[in-house]
Amino acid sequence: MSRRSSILLPVFNGARFLDEQVDSILGQTDGDFELIAVDDGSDDDSAAMLARHAARDPRVRVLPSAGNLGH
């Protein structure tokens, strides 16, 4: 019996490496997972990049945060 996994990706101003990170996760051989990306109030292109990934792949969910809570 297979169980779906959830991968949590916290993001704060991670645009520099974000595409590489998300592509690496989505490229895993076991595709039965969801990627939950939590954008912690980024002020770079991270939110737009995550939205683009979510539009292309239904396994990606983006949860925005009201502001930088990880400081």
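Any value given below was found using the heavy atoms of this structure, including those in side chains, with hydrogens, waters and symmetry copies removed. All of these numbers come straight from a predicted model, not from anything done at the bench.
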| said: Between Val11 and Leu63, is there shared hydrophobic-cluster membership here, with clusters defined by ILVMFWY side-chain heavy atoms closer than 4.5 Å? | reply: no
| query | In the single-linkage hydrophobic clustering (I, L, V, M, F, W, Y; side-chain heavy atoms under 4.5 Å), do Val60 and Ile36 co-cluster? | reply | no
| request: Apply side-chain hydrogen bond (donor to acceptor under 3.5 Å, both in side chains) to Ser6 and list each qualifying residue two or more places apart in sequence or on a separate chain. | output: Glu34
| With Asp23, which residues qualify under side-chain hydrogen bond (donor to acceptor under 3.5 Å, both in side chains), at least two apart? | none
| said: Holding to side chain to side chain contact (heavy atoms under 4.5 Å, CB included), I want the full list of residues that pass it with Ala15, two or more places apart in sequence or in another chain. | reply: Asp44, Asp45, Ser46, Met49
Looking at every non-hydrogen atom in both residues, tell me the closest pair between [X] and [Y] and how far apart they are.
X	Y	answer
Phe33	Gln28	CE2-CB, 4.3 Å
Ser42	Phe12	OG-CA, 3.3 Å
Leu26	His53	CD1-ND1, 4.5 Å

| request: Applying side-chain contact (heavy atoms from CB on, under 4.5 Å), run through Asp19 and Arg52 and close with a yes or a no. | output: CA-CA 10 Å; Asp19 280 334; Arg52 187 180 73 245; 2.7 Å; yes
| Roughly how far, to the nearest 0.5 Å, is CG of Leu18 from CG of Asp39? | 8.5 Å
| said: If I take atom CG from residue Leu9 and atom CG from residue Leu50, how far apart are they, to the nearest 0.5 angstrom? | reply: 7.0 Å
| field | Any donor-acceptor pair under 3.5 Å from Asn13 side chain to Asp43 backbone | value | yes
| Are any of the side-chain heavy atoms of Val38 and Leu8 separated by less than 4.5 Å? | yes
